[in-house]
J.: 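Dropping the structure in here first, questions after.
These numbers come from the heavy atoms of this one structure, side chains and all, not from hydrogens, waters or symmetry mates.
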Amino acid sequence: MIDFVKDVRLWFAPRRLRGEGETPDYRFSLANERTFLAWIRTALALVGGGFAVDQFLPDLRWGVRVGMALALLAVGAACALRAVHHWVRCERAMRRGEDLPLSPFPVLLSLGVGLVAVAMVVVVLMGWTARP
């Protein structure tokens, strides 16, 4: 828990990372940054998908539409937060000469997106539309 609090502080003051170990090869830091940006693009796509479900599928039953939209928005928010946390942890590990941190988050993200996709397939096949 203490490491997590330190990591969160680094989100807002990444210059403090310079005090951790030695500066890694810039190519690795830039690759870490590109990975961060890929996670952010994924988060934006999930958030956009959540809004799209809510705005462009008005014929779905309210609970189904809102449930799927909120699921996508929540996964998008988690992905964005995880992006910065992972960036900090990787940058610190590279500076310390440690192994890069492993995380179950990619699996959880895949399961979350997969579940929402299956739910959408069920909705389309069942034709759950709002009653007039």
J.: Could you check whether any side-chain heavy atom of Val75 comes within less than 4.5 Å of a side-chain heavy atom of Leu109, counting everything from C-beta outward?
T.: yes

J.: Please round to the nearest 0.5 Å and tell me the distance separating atom CZ of Arg92 and atom CZ of Arg16.
T.: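 One finds 11.0 Å between CZ of Arg92 and CZ of Arg16.
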
J.: Check step by step if side-chain contact (heavy atoms from CB on, under 4.5 Å) holds for Leu17 and Trp87.
T.: CA-CA 11 Å; Leu17 278 171; Trp87 175 82; 3.9 Å; yes

J.: Can you tell me how far apart CG (Leu72) and CZ (Phe51) are? Round to the nearest 0.5 Å.
T.: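 Reported value, rounded in 0.5 Å steps: 11.0 Å.
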
J.: Does one hydrophobic cluster hold both Leu111 and Leu46, with members joined at side-chain heavy-atom distances below 4.5 Å?
T.: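 The answer is no; the residues belong to distinct hydrophobic clusters.
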
J.: Holding to salt bridge (Lys or Arg N to Asp or Glu O under 4.0 Å), I want the full list of residues that pass it with Arg96, two or more places apart in sequence or in another chain.
T.: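 Testing Arg96 for salt bridge (Lys or Arg N to Asp or Glu O under 4.0 Å), a comparison that skips the adjacent residues, returns Glu20, Glu98.
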
J.: Roughly how far, to the nearest 0.5 Å, is OG of Ser29 from CD of Glu33?
T.: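 It comes to 8.5 Å.
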
J.: List in chain and number order the residues that pass salt bridge (Lys or Arg N to Asp or Glu O under 4.0 Å) with Arg65, two or more places apart in sequence or in another chain; answer none if no residue qualifies.
T.: Asp54

J.: Give the ring-plane orientation class for Phe105 versus Trp39, where under 30° counts as parallel, over 60° as perpendicular and anything between as tilted.
T.: tilted

J.: With rounding to the nearest 0.5 Å, note down the distance linking CD in Glu91 to CG in Leu100.
T.: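 With rounding to 0.5 Å, CD (Glu91) is 10.0 Å from CG (Leu100).
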
J.: Give a yes or no on whether Phe28 and Phe36 share a hydrophobic cluster (residues Ile, Leu, Val, Met, Phe, Trp, Tyr; joining criterion: side-chain heavy atoms under 4.5 Å apart).
T.: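 No.
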
J.: Going only through I, L, V, M, F, W and Y residues with side-chain contacts under 4.5 Å, is there a path from Leu70 to Trp62?
T.: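 Hydrophobic grouping puts Leu70 with Trp62.
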
J.: Are the side chains of Trp11 and His85 in contact, using a 4.5 Å heavy-atom criterion?
T.: yes

J.: Are Arg95 and Glu22 close enough that some pair of their side-chain heavy atoms sits under 4.5 Å apart?
T.: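 Not in contact.
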
J.: Is the closest side-chain heavy-atom distance between Val116 and Val113 below 4.5 Å?
T.: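 Val116 does not reach Val113 side chain to side chain.
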
J.: Measure the shortest side-chain to side-chain distance between Arg61 and Val123 over non-hydrogen atoms and say whether it is less than 4.5 angstrom.
T.: no

J.: Name all residues meeting the salt bridge (Lys or Arg N to Asp or Glu O under 4.0 Å) criterion together with Arg27; count only those two or more places apart in sequence or in a different chain, and write none if there are none.
T.: Asp25

J.: Considering non-hydrogen atoms only, spot the tightest contact between Ala80 and Ala43 and give its length.
T.: N-CB, 3.6 Å

J.: Are Phe12 and Leu10 linked, directly or through intermediate hydrophobic residues, by side-chain heavy-atom contacts shorter than 4.5 Å (ILVMFWY only)?
T.: yes

J.: Looking only at heavy atoms, which two atoms of Asn32 and Cys90 are closest? And how far apart?
T.: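 Shortest heavy-atom contact: OD1-CB, 3.5 Å.
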
J.: CD1 of Ile40 to OG1 of Thr35: how many Å apart, nearest 0.5 Å?
T.: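 The distance works out to 12.0 Å.
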
J.: Take atom CG in Leu102; do more than 12 heavy atoms of anything else shown fall under 6.0 Å from it?
T.: no

J.: Determine, stepwise, if the pair Leu60 / Leu57 fulfils side-chain contact (heavy atoms from CB on, under 4.5 Å).
T.: CA-CA 6 Å; Leu60 285 181; Leu57 299 175; 3.8 Å; yes

J.: To the closest 0.5 Å, what do you measure between CG (Leu115) and CE (Met120)?
T.: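 Going from CG on Leu115 over to CE on Met120, the span is 12.0 Å.
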
J.: Distance alone, cut at 3.5 Å: any donor-acceptor contact between the side chains of Ser103 and Arg89?
T.: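 Absent: no donor and acceptor within the cut-off.
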
